[in-house]
Amino acid sequence: MSLDNLILLTGRTISQGVALEGGKVTRENVRAAGICTFDADDFKKLDCLAGTPVKVITDYGEVLVYSTISEEGPHPGIIFIPMGPWANQLVNPSSQGCGTPTYKGIKAKVEVAKSGKVLNALELIGKLKEA
Amino acid sequence: MVEKVRTVEDVCCPFCGTLCDDLEIDVDLKTDQVVEVRNGCQIGTKKYFSSNPSDHRYTKPLIRKNGEHVEVSWDEAIDKAADILVNAQRPLLYGFSSTECEAQSKGVELAEILNAILDNTASVCHGPSLLAIQDVGASLATLGEIKNRADTIIFWGSNPVHAHPRHLSRYSDFIRGYFRTDGRNDRYIVVVDPRYTHTAQIADKYIKVNPSEDYELIQAIRAMLRGSDLDVKEVSGVPIESIKELVDILKSSNFGVVFFGMGLTQTLAHHRNVDTAIRLVTELNDYTKFILIPMRGHYNVTGANVVFTWNTGYAYSIDFSRGYPRYNPGEFSSVELLMRDEVDAALIVASDPGSNFPAAAVKNLFKHPLIAIEPHKTPTSVFADVVLPVAIAGIECEGTAYRMDTVPLRLRKVKDAPGECLSDKEILERLIEKVREKMGE
C-alpha cells in the first residue's frame with residue numbers, strides 16, 4: 001500500500017539526541033533516527049505492522065526507514081522523521097536565498113517497502129562518498 | 001572509608017543552548033572515567049558517559065592512506081591538514097558551535113590567514129533568526145528574568161521536552177520564581193505546532209497550525225491585535241475564535257515570552273517568519289511586557305555568533321576571499337556554497353555536516369579533501385582525509401560558552417582526555433602555526 005500527498009517534517013527527538021551522543025555509527029542511532037512516524041489513522045491505510053520498513057519519497061530523494069505510530073498525534077497528513085542522515089536524503093536543500101535549507105514542510109509520499117533494508121548511518125552516507 | 005570517586009560540582013552541560021550549570025559528575029579515581037552524572041537530562045548524561053574510551057572514540061590522529069585510516073603522529077597529521085588548506089582555492093571552515101569560545105576565536109584567525117569561508121551551524125538552524133534580528137531588532141531578556149517574572153509562555157515551532165529537556169523545569173514552566181511563587185500554576189503555556197507534541201500535551205493551550213503557514217497566522221494575530229476583524233473562518237487551519245482567545249490572553253498577561261525554534265526558521269518563509277514574530281512581540285509591548293528568545297540548539301552556537309561578530313562584524317557565513325570579511329548568507333552559507341560546488345577543501349570543527357546537511361550538499365563536500373577535528377566516529381569523520389582527535393570541551397577541557405540568552409558561563413574540566421587528544425584551541429593553534437610557515441609568513 002502507499003500514501004500520497006503527505007507533508008514531511010523533521011526535527012529533534014530525545015531518543016535521537018541520546019543516540020547521537022551515544023554514537024552516531026551505532027545501531028541505536030538507526031532505531032532512533034532511521035524511523036518515520038505516522039498519524040495513527042494514516043498508518044492504518046498503509047495496512048502493515050508497525051516497524052515494517054517503508055520507502056519515503058520526495059522531489060529531492062528517497063530513503064528506506066522503519067515505520068512507527070506517532071506519540072505526538074493526531075497529525076493527519078503529516079509524517080515526521082527525526083533530524084539526521086535519513087531525513088536529510090529527503091529534505092529540500094534550497095534556502096530561498098537565506099542560507100538555511102528547508103528542512104520542514106516537504107511534500108512526500110510513502111510506500112511499504114517490497115525489498116531492500118534500512119541502512120545504517122555509515123552505509124547511507126557512504127553512498128554519497130562513492131557517488 | 002577510602003574514596004573511590006571524586007565529585008565535580010556546578011558543572012555546565014555542553015549539550016543544548018539551555019546550558020544547565022548544576023550538574024554533578026562522579027569520576028572514578030582509578031580509571032579517570034565518568035561513573036555517575038546527577039541533575040543532567042538524558043542527552044547531557046549520555047554525552048558525559050560517551051566521553052569514556054570506546055570503540056567509536058578517536059584517541060590518535062589519523063590520515064587516510066590507500067582508502068584506510070592509519071594512525072600517525074600529530075606532526076604528520078597537522079602537516080597534512082595544513083597542506084590541504086594552503087593548497088585549496090576556496091576552503092571552508094565550518095562547525096564551531098559545540099566547542100568553546102577561545103577555540104572559535106582561533107578559527108576566525110585561521111580563516112583570515114587562509115582567505116577562507118568561515119561558517120557556524122547557525123547557518124542551518126537559527127541563521128534566519130539572526131537575519132531577522134538584524135532587520136528589525138529584538139526585545140530580549142535573560143532566562144533568569146523569565147523564571148522570576150514570566151506568566152505567559154509561548155513555544156512556537158519548538159519542542160523543548162525533546163530538544164531542551166530541562167528548559168521547562170529550570171526557566172520557563174515548572175520552576176518557581178520571585179513573582180511566580182506557585183511555579184507551573186502561575187504560568188499559562190501556549191504551544192503552536194503542526195503536531196500535538198509532548199510539549200503541547202502539557203500546555204494550557206495548543207494551537208494546531210498547518211505546516212509552513214506560521215507567517216499567515218502571526219500576521220492574523222497582529223491584525224487582530226490592532227483591532228481588525230478578519231472576514232474568514234480560519235487562518236492557517238486555526239479557527240478565528242481560537243486566535244481571538246489567544247490575542248486576549250496575550251494582551252492580559254503581565255510578562256510574556258515567545259520561545260521559537262526550527263518550526264519558524266526551517267520552513268518555507270524562513271527569516272520572514274521570525275521578522276513577523278519579532279514585530280508581533282514589539283506591538284504586544286503597547287499592552288504589556290513581551291520578549292522573545294530563539295531556542296538555540298548547540299550549547300555554544302550563541303557563542304560562535306558572538307565570537308565571530310566581535311572578530312569580523314558578522315555572526316556567520318563570512319567570506320574572507322578578498323582579504324577582508326564579507327557577509328551574505330544566501331551566497332556564503334555552507335549549504336549554498338556546497339550546492340554550487342564552490343568549496344574545494346573543508347575543515348570541520350566540532351560538527352557533523354555529513355549527518356546534518358542535505359544529501360546533495362554532502363555529496364559535494366565529500367568530493368574534495370576533508371579534515372575533521374572530532375572526538376567520535378561520525379558520518380563526517382569516517383570519510384575524512386585527516387582526523388584530528390580532540391578533547392571534548394566542557395568535559396575534558398575548560399572554556400567559555402554562551403547560553404541561548406547570551407549569558408556567558410564557564411565550562412569545567414572534569415577529567416583528562418583519553419590517548420593523545422588535544423583541545424580544539426591547541427589543534428587550531430598548531431594548524432595556524434603550520435599554515436603560516438607554509439605560506440612563508
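Per chain, numbering begins at 1; letters A, B, ... match sequence-line order. Given the structure is predicted, the values throughout are model-derived calculations rather than measurements.
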Does any heavy atom of chain A fall under 4.5 Å from the side chain of B/S355, the backbone, both, or neither of them?
both

In terms of heavy-atom pairs under 4.5 Å with chain B, the winner among A/P85, A/C98, A/G97 is A/C98

Side-chain touch B/I43/A/I14, heavy atoms, less than 4.5 angstrom:
yes

Cut-off 4.5 Å, heavy atoms of chain A, and the answer for B/V124 is both

Quick one: what part of B/L268 sits under 4.5 Å from any heavy atom of chain A, side chain, backbone, both or neither?
both

Give a yes-or-no answer on whether the side chains of B/E336 and A/S95 include a donor-acceptor pair shorter than 3.5 Å.
yes

Considering non-hydrogen atoms only, spot the tightest contact between B/S50 and A/G22 and give its length.
CB-CA, 4.4 Å

Which heavy-atom pair separates B/H270 from A/P101 by the least distance, and what is that distance?
CE1-O, 3.6 Å

Other residues, nucleotides and ligands only: do more than 12 of their heavy atoms fall within 6.0 Å of CD on B/Q134?
yes

When you look at NZ of A/K109, are more than 12 heavy atoms from neighbouring residues, nucleotides or ligands closer to it than 6.0 Å?
no

Part of B/S212 within contact of chain A (heavy atom distance under 4.5 Å)
side chain

Would you check if A/H75 and B/K208 make a side-chain contact, meaning some heavy-atom pair closer than 4.5 Å?
yes

What option among B/A360, B/P128, B/S317 has the most heavy-atom pairs under 4.5 Å with chain A?
B/P128

Of the non-hydrogen atoms in A/K24 and B/D352, which two are nearest, and what is the gap between them?
NZ-OD2, 2.8 Å

B/T265 versus chain A, heavy atoms under 4.5 Å apart: side chain, backbone, both or neither?
backbone

Between atom CG of A/L20 and atom NZ of B/K46, what is the distance when rounded to the nearest 0.5 Å?
11.0 Å

Contact class of B/H56 relative to chain A, heavy atoms under 4.5 angstrom
side chain

Contacting region of B/C16 [heavy-atom separation from chain A under 4.5 Å]
neither

Under 4.5 Å to a heavy atom of chain A? For B/M262 that would be both

NE2 of B/H198 to OG1 of A/T13: how many Å apart, nearest 0.5 Å?
10.0 Å

Proximity breakdown for B/Y316 and chain A, heavy-atom pairs closer than 4.5 Å:
side chain

Region of B/P211 in contact with chain A, defined by heavy-atom distances below 4.5 Å:
side chain

When you compare the side chain of B/F366 with that of A/K129, does any pair of heavy atoms fall below 4.5 Å?
yes

Considering only heavy atoms, which portion of B/A163 lies under 4.5 Å from any heavy atom of chain A: side chain, backbone, both, or neither?
both

Tell me which of these, A/L124, A/V91, A/D39, A/L122, has more heavy-atom pairs under 4.5 Å with chain B than the rest.
A/L122

Measure B/P165 against the heavy atoms of chain A and call it side chain, backbone, both or neither at under 4.5 Å.
side chain

Can any side-chain N or O of A/T100 pair as donor or acceptor with the backbone N or O of B/C125 at less than 3.5 Å?
no

Compare all side-chain heavy atoms of A/S70 with those of B/Y196 and state whether any distance is below 4.5 angstrom.
no

Would you indicate whether the side-chain heavy atoms of B/P194 and A/L9 approach each other to under 4.5 Å?
yes

Which atoms of A/E71 are under 4.5 Å from chain B, going by heavy atoms: the side chain, the backbone, both sets, or neither?
both

Identify which of B/N356, B/V335, B/T267 forms the greatest number of heavy-atom pairs closer than 4.5 Å to chain A.
B/N356

Of the listed residues (A/Q96, A/R12, A/E21), which shares the most heavy-atom pairs with chain B below a 4.5 Å separation?
A/E21

For A/I125 versus B/V362, what's the shortest heavy-atom pair and its separation?
CG2-CG1, 4.3 Å

Under 4.5 Å, counting heavy-atom pairs only, tell me which of B/Q201, B/R57, B/H126 racks up the most with chain A.
B/Q201

Given heavy-atom pairs under 4.5 angstrom as the criterion, report whether the side chain, backbone, both or neither of B/F49 touches chain A.
neither

Heavy-atom distances under 4.5 Å only: say whether A/F80 touches chain B with side chain, backbone, both or neither.
side chain

Does atom CG (A/N5) have a neighbourhood of more than 12 heavy atoms from anything else shown, all under 6.0 Å?
no

Indicate yes or no: at least one non-hydrogen side-chain atom of A/E72 is less than 4.5 angstrom from one of B/N159.
yes

For A/V18 and B/Q42, which heavy atoms make the closest approach, and how far apart are they?
CG2-OE1, 3.5 Å

Ignoring hydrogens, what is the shortest heavy-atom contact between A/L128 and B/A359? Give both atom names and the distance.
CD1-O, 3.9 Å

